[in-house]
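Residue numbers begin at 1 in each chain, while the letters A, B, ... track the order of the sequences.
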Amino acid sequence: MDYTANELMVCEAARQLRDGEVVFVGIGLPNLACNLARRRHAPNLVLIYESGAVGAVPERLPISIGDPALVTGCSSVCSMYDVFAHYLQGGLIDVGFLGGAQIDRHGNINTTVIGDYASPSVRLPGSGGACEIAILARKVVVIAPQSKRSFPARVDFVTSPGHVEGPGGRARLGMPGQGPVSVITNLACFGFRDGEMTLTSLHPGSSVEQVRANMGWEVAVVTDLAETAPPTPDELRLIRDELDPEHLYI
Amino acid sequence: MDYTANELMVCEAARQLRDGEVVFVGIGLPNLACNLARRRHAPNLVLIYESGAVGAVPERLPISIGDPALVTGCSSVCSMYDVFAHYLQGGLIDVGFLGGAQIDRHGNINTTVIGDYASPSVRLPGSGGACEIAILARKVVVIAPQSKRSFPARVDFVTSPGHVEGPGGRARLGMPGQGPVSVITNLACFGFRDGEMTLTSLHPGSSVEQVRANMGWEVAVVTDLAETAPPTPDELRLIRDELDPEHLYI
Amino acid sequence: MTGTGDKVMSMAEAIGRFVTDGCTLVIEGFTHLICFAAAHEIIRQGRRDLTLCRLTPDLVYDQMIAAGCARKVVFSWAGNPGAGPLYAFRRAVERGIPHPLEIEEYSHYGMVARFAAGAARLPFYPLRDYQGSDLARVNPRIRDVTCPFTGERLAAVPPLNPDVAIIHVQRADRLGNAHVWGLLGVQKEAAFASDKVIIVAEEIVDEAAIRADPNRTLIPGLIVDAVVLEPFGCHPSYAQGYYDRDNGFYVQWRDISTDTASLDTWLQEWVHGVASRAEYAEKLGDRLQALRAREHLSPPVNYGY
Amino acid sequence: MTGTGDKVMSMAEAIGRFVTDGCTLVIEGFTHLICFAAAHEIIRQGRRDLTLCRLTPDLVYDQMIAAGCARKVVFSWAGNPGAGPLYAFRRAVERGIPHPLEIEEYSHYGMVARFAAGAARLPFYPLRDYQGSDLARVNPRIRDVTCPFTGERLAAVPPLNPDVAIIHVQRADRLGNAHVWGLLGVQKEAAFASDKVIIVAEEIVDEAAIRADPNRTLIPGLIVDAVVLEPFGCHPSYAQGYYDRDNGFYVQWRDISTDTASLDTWLQEWVHGVASRAEYAEKLGDRLQALRAREHLSPPVNYGY
C-alpha cells in the first residue's frame, strides 16, 4: 500500500504514546499522531495545547494551536500561566513533541536563527514553548524532515536543550525531564544512547548510507537495526478520511 | 439624638473614604462604614473582600467575609492569589481597615498572642490578611474599642506593622504603603505624627483624661484638638434601618 | 494514570484509601465549599497524627483537633468566622488538650504563596510581605530572597505540597473534571500542589455537561484520584447555588465548643452517631431544607465558532 | 480613579488619548481575541517608536512593523501561526527594512512569567527554565536566582509593565468589567501589569449582565481606562461565540507580505483606505459574514443562596 513519509511519521509518533499519558500537543503532525493514538490504542490520552485547551476533542482539524475547535467541548480551559506553571513545570506532562529547523547529535534543537544571533542569515520564529517543553516534559519526541543542513553536528543556536553536550549533560544542569527519547524523520527513527542520537530503525526503502548522507555527522547505529513498521491500512484510512480529510499535512 | 459608640465609629470611618477609592473591607464595622459611604458621598467606592468578591453589592448584611451574598451580583470573583498578588501587592488598594486585640503607640497591631508566642496566655486568631494589608495598602484605618490593655505602649507581638519603631520605620523596611493614618476608637480619633499615634478629636462626651486613662502611654495631643462630629439623623437611619436592621454590630 | 477511568467511590472508601495516619492533608475552601463531610469521615475512621493545612482552620479543623486527629496545623487565621475564637484549637495550643498541637503560622498571602509554589513545583515563592512583622521571627520557614535585578530583599516562603487535597465542588464528572463558581479561594493551587486529590461533589454530572462550559472547570480530572458524591457535604459551610451557610450553627459552635464535655457530646451525636453524610443530612431535616438556595441563574455564553 | 464612571469612547479617541509615540504597548490574545482593530487605528494615527510586547507578534505586529510603528519587539514566538514566517518582522530583523528593529526574546513561559511579575509588582519571577539554552546567553534580562531554602539556582525574569494594554473581550459593561471565555492566554496578567488598560468589546452590555455571572469577569473595571465597542474587531483573529478565525487570510498574508510593495498596497487599501473597523467590516462583506459562529450555548449555573 502506498503512503507518504508524513503518514509514516504520524503513525510512528502515535505508536510512541501510551494510554493515559498526558501529551503537550503541537499543530500539524504531532496533532495527527495524538489523535490517531486516541482513536486506536490510547483512548484515554489527554491532549494539552499550550494555548490552554485541556482534553480537547476537536471536531475539525485544528489549523492553529489556538483554534476555536480546540475549545468547544474540551474538558477545561486554563490560562497560559496555568499551562506553563502548573501543567508543565508542575510535572504533569508525560510527552512533549518538538520539531525544529536544526537538530544536532545531542538532540539540541534550534528554532531561533541560522547564523549569528545578532546578524542572522535567517531569523526563525524562536522558542515559543519549546525551550520549557524540552526542559520540563518527562520525555520529548522530535519529528522533523531530515537533511544535511537540518541535522548538523552542532546547531547554530540552542533554543531547546536536548542532551546538551552529551552524557549527563541534563543532570548536571538540574533539568527535571529526561529530554529527547526519539527522533522521527522522513528516513528513519533514532533513539539516544549516552545522550547521542543513534539510528534505531530504517523506514522501508531507506538505507544507512542515505540516512548518513542527510546528516552532518557519522551517526551511530544500533546493532539490532530494525525496519520501521509501515502504516497499516486502518491507520491510513483514519488519517486520510477522518483526521486530515483535506490532506493539509499528509 | 442618641447613638452608640459603634454607630459613631462607623460614621467616622465612612467619612475617611473618598469617592472612587478601592477599599479592602472586613466584616463588621468596616463593612458598615463602606456601605454607608457608598450610600452617601462615595457611590463609586469599590469594595474588595479578601475572599475574592470585587464590587460586591450585598442584599443582606454579610455575616462572614465569604458570605454568598457578597458573590451574587458582584462585578467580579477572583481567586485569593489574585486578591493578594494582583490587587493588594499590585498596589490597587487605597484603603485597608484593620482591628486588633492590641494596638501600640506606633500603630503596630497584634492579633496573634497575648503573652509569649511559644506559650501564650491567650492564643488569638492570627494575621489572616492583616499583615499584608498593613504593609501594602496605600493607607490603613484602624477601628478598635479602646482600653489600657488593648492600647499598650508596645504590643506583645507585631502581627501587622504600623510605623514600626517610629519615624521612618516603614521607609527603612521598604514598605510600599504609608501605614496607619488614623485610629478610630469608642472614645476618640487619632492620627499619626512622625509615626506616633496622636489624639486629633474627642468624641462628644469624652475627655483627654478619659482617653489617656484608657491607653498604656501618655498620648500626644494636637494643638487644635477637635470634637468628632456626631452621626447625623440620616446616617443613623441608614445604619439602623437599612445596613444593619437586625442590629448585629451596632 | 490519574487521568483515566471512572473514579467515583464512597466517602468511606476515598478516605480509607487516601488519608493515612501521619499524612499531610488540606481541606480547602475559603468560607465557601468547606468539606465537613470528609472531615467527619476522617474522625469516624479514627485517623491520627495528621498535619492539617488550611488558611482558616475554621470549625472543620476545630472538630478534627477536638477529636484527636491532628498533630500539627499549618494556617493563617484561626477563628470562628463571625462568631469568636476556635476553642478546641485554643485549648490544644494553650493547654495541650486533648494533646499538644504543633503550629506553623503565616498570613493569608503567605499560605496562598506556599500553595502557589507547591502547584508550580517551585522551591520558593517571593512576596512583598512580613517586613516589620514578628511572624518571620517565630517561623523559620519565612525567609528572605534577594532580587537578581534590583538587589532588594523580599520575603520568601517554601512550597506546600500536601499528600492529599480534599476539594468540594458544585459539580463534577466521573473523571473528576470539576465546575466551581462563587468564591474560589485557593482550591486550584491546593489541588495542583497535592499528590492525591479527592473531589467531593454536590452533583455528579455527565462528562458532556462539563464540556459544555470548559472555562468553568477549576480542577481538571487528570489530577484527580477519587470522586465522591455528597450532597450537603459542606454544611454548616455552604455551596453557592445549592444551600446557604448555616450562620446559626457557627454561633452555636461557640457554646458547643467552650468545654470539652459538650464538644464530645456533639461529636458523639453528629459525627460518630451517624454513619454517613446522608444520615447527618436526614438528621438535620428541616433545618437543612431551610437553607436551600433560591434560583439566580447565570445567562449562557456561546462556545460556537 | 480608574474605577468609576462611563469609559466608553471611540477607538480613535482611545488610541489618541492613551497610545503615545515611544510608549510600551501590549496587544495580547493568544490566537484568540487579537485586537487588529486597535493595531490598524494605531497605524492610521501614525504612531512611532513603539515597544511592542506580545508572546506571538503574529500578523498584528507584522503589520505594525511594516507600517513603521515599531522600535522594538519583546516576544517569544514570531511566526505566522499555521502558515510560515512573518516576513515584515524578518525583513526588519535581517535587513533593517523599513528601519532596524530591536528585539528582546524569551520563551513563552518567560513572557508569561514577566507579565505575572508585572501584574504582582514583583521585581522578578522565578522559573525552572533556560538551563542549557542559548536564550539566556543572548538576553541579559534572563538571570539566575538562588533559592533561600534549597540553595538551587533557578532562572529569573524581570517584570514587564507596559504603559498600555489593549485587551479584546467578548462583552463588557461601560465601566470596563469584561467577560471573556474560550482561550484566556495571558490577558489577565498583561492587563494588571499595565498602567493603562483599553478594553475593546464585541458587545457593550448592561452592568447587570456582567454581574449575573461574576466568575466570568476576567478584567475588572477598576483597572480599565477606556471601553471601545468594536464588533469584528479581531478579524482575521477570532472571538469564540462571535466569529471564526479567518484561516484563509493567515495563508494569504504569506503572499501579501513577501514583498514590501504588495504589503504597502494592502496597508493602503485595508488600513489607511478605511476610516474605521466598521468600514473595514463592511468592505469585507460576505467573507466576514461567512465566519459568524454557530450557536453552542453553555448551560446556566445558579448564583442563588
Asks: Is the side chain of A:Arg170 donor-acceptor paired with the backbone N or O of A:Gly162 at a distance under 3.5 Å, no angle test?
Replies: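 Present.
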Asks: Between D:Asn80 and D:Leu86, is there a donor-acceptor pair closer than 3.5 Å when you use the side chain of the first and the backbone of the second?
Replies: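 Pair absent, no side-chain N/O of D:Asn80 close to backbone of D:Leu86.
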Asks: Under 4.5 Å from any heavy atom of chain D, what part of A:Ile27 do you find: side chain, backbone, both or neither?
Replies: neither
Asks: Counting only heavy atoms closer than 4.5 Å, note whether D:Arg137 contacts chain A via side chain, backbone, both or neither.
Replies: side chain
Asks: What part of A:Thr111 lies closer than 4.5 angstrom to a heavy atom of chain D: side chain, backbone, both or neither?
Replies: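 For A:Thr111, no heavy atom lies under 4.5 Å from chain D.
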Asks: In terms of side-chain heavy atoms, does D:Gln240 have a donor or acceptor partner in A:Thr72 at a distance below 3.5 Å?
Replies: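 Judged by distance alone, the side chains do pair up.
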Asks: Take the angle between the ring planes of A:Phe190 and A:Phe151 and call it parallel below 30°, perpendicular above 60°, tilted in between.
Replies: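 Aromatic pair A:Phe190/A:Phe151 classed tilted.
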Asks: Taking the six-membered ring for Trp, are D:Phe30 and D:His108 parallel (under 30°), tilted (30 to 60°) or perpendicular (over 60°)?
Replies: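 Ring orientation of D:Phe30 relative to D:His108: perpendicular.
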Asks: Considering residues at least two apart in sequence or located in another chain, which fulfil the side-chain hydrogen bond (donor to acceptor under 3.5 Å, both in side chains) criterion with A:Asn108?
Replies: A:Asp104
Asks: Is there a donor-acceptor contact under 3.5 Å linking the side chains of D:His168 and D:Glu202?
Replies: yes
Asks: Mind ranking A:Gly128, A:Gly66, A:Cys78 by heavy-atom pairs under 4.5 Å with chain D and telling me who comes out on top?
Replies: A:Gly128
Asks: Is the backbone N or O of A:Val158 less than 3.5 Å from a side-chain atom of D:Asp134, with the two atoms forming a donor-acceptor pair by type?
Replies: yes
Asks: Rounded to the nearest 0.5 Å, how far does OH of D:Tyr87 lie from CH2 of D:Trp253?
Replies: 12.5 Å
Asks: Where on A:Val83 is there a heavy atom nearer than 4.5 Å to chain D: the side chain, the backbone, both, or neither?
Replies: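 Contact with chain D is absent: no heavy atom of A:Val83 under 4.5 Å.
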Asks: Out of D:His32, D:Arg245, D:Lys188, D:Glu152, which one racks up the most heavy-atom pairs below 4.5 Å with chain A?
Replies: D:Arg245
Asks: Please determine, among D:Tyr106, D:Trp77, D:Phe89, the option with the most heavy-atom pairs under 4.5 Å with chain A.
Replies: D:Trp77
Asks: Output the option from D:Val186, D:Val138, D:Val93, D:Leu55 having the highest count of non-hydrogen pairs under 4.5 Å with chain A.
Replies: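 Option with the top pair count is D:Val138.
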Asks: Of the backbone (N, CA, C, O) and the side chain (C-beta and beyond), which part of A:Ser51 lies under 4.5 Å from a heavy atom of chain D, both, or neither?
Replies: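 Both backbone and side chain of A:Ser51 come within 4.5 Å of chain D.
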Asks: Need one label for A:Ala85: side chain, backbone, both or neither, based on atoms under 4.5 Å from any heavy atom in chain D.
Replies: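 When you check distances to chain D, atoms from both the backbone and side chain of A:Ala85 fall under 4.5 Å.
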Asks: Can you tell me which portion of A:Tyr117 sits under 4.5 Å from chain D's heavy atoms? Options are side chain, backbone, both or neither.
Replies: side chain
Asks: Give the member of D:Pro85, D:Ala113, D:Ala293, D:Gly185 that has the highest number of heavy-atom pairs under 4.5 Å with chain A.
Replies: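 Of the options given, most contacts go to D:Gly185.
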Asks: Output the distance between atom CG (A:Asn35) and atom CG (A:Asn31), rounded to the nearest 0.5 Å.
Replies: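 So the gap between those two atoms works out to 5.0 Å.
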Asks: Go through the atoms of D:Tyr109 and report whether side chain, backbone, both or neither lie under 4.5 Å from a heavy atom of chain A.
Replies: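 Both parts, backbone and side chain.
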Asks: Looking at chain A, which one of D:Leu184, D:Ile103, D:Thr56, D:Asp244 has the largest number of heavy-atom pairs inside 4.5 Å, strictly under?
Replies: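 Among D:Leu184, D:Ile103, D:Thr56, D:Asp244, the one with the most close pairs to chain A is D:Asp244.
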Asks: Between D:Val112, D:Leu127, D:Asp129, which has the largest tally of heavy atom pairs under 4.5 Å with chain A?
Replies: D:Asp129
Asks: Just give me the residue among A:Ser127, A:Gly126, A:Gly52, A:Pro68 that pairs up with chain D most often, heavy atom to heavy atom, under 4.5 Å.
Replies: A:Pro68
Asks: Between D:Tyr250 and chain A, which part of the residue has a heavy atom less than 4.5 Å away: side chain, backbone, both or neither?
Replies: neither
Asks: Does any backbone or side-chain atom of A:Ile63 lie under 4.5 Å from a heavy atom of chain D? Answer side chain, backbone, both or neither.
Replies: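 The answer is both parts of A:Ile63.
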Asks: Of the backbone (N, CA, C, O) and the side chain (C-beta and beyond), which part of A:Gln89 lies under 4.5 Å from a heavy atom of chain D, both, or neither?
Replies: side chain
Asks: Supply the atom-to-atom distance D:Leu33 CG to D:Trp181 CH2, rounded to the nearest 0.5 angstrom.
Replies: 9.0 Å
Asks: Would you mind telling me which of A:Glu50, A:Arg172, A:Arg123 has the largest number of heavy-atom pairs within less than 4.5 Å of chain D?
Replies: A:Arg123
Asks: With rounding to the nearest 0.5 Å, note down the distance linking CE in A:Met80 to CG in A:Leu88.
Replies: 11.0 Å
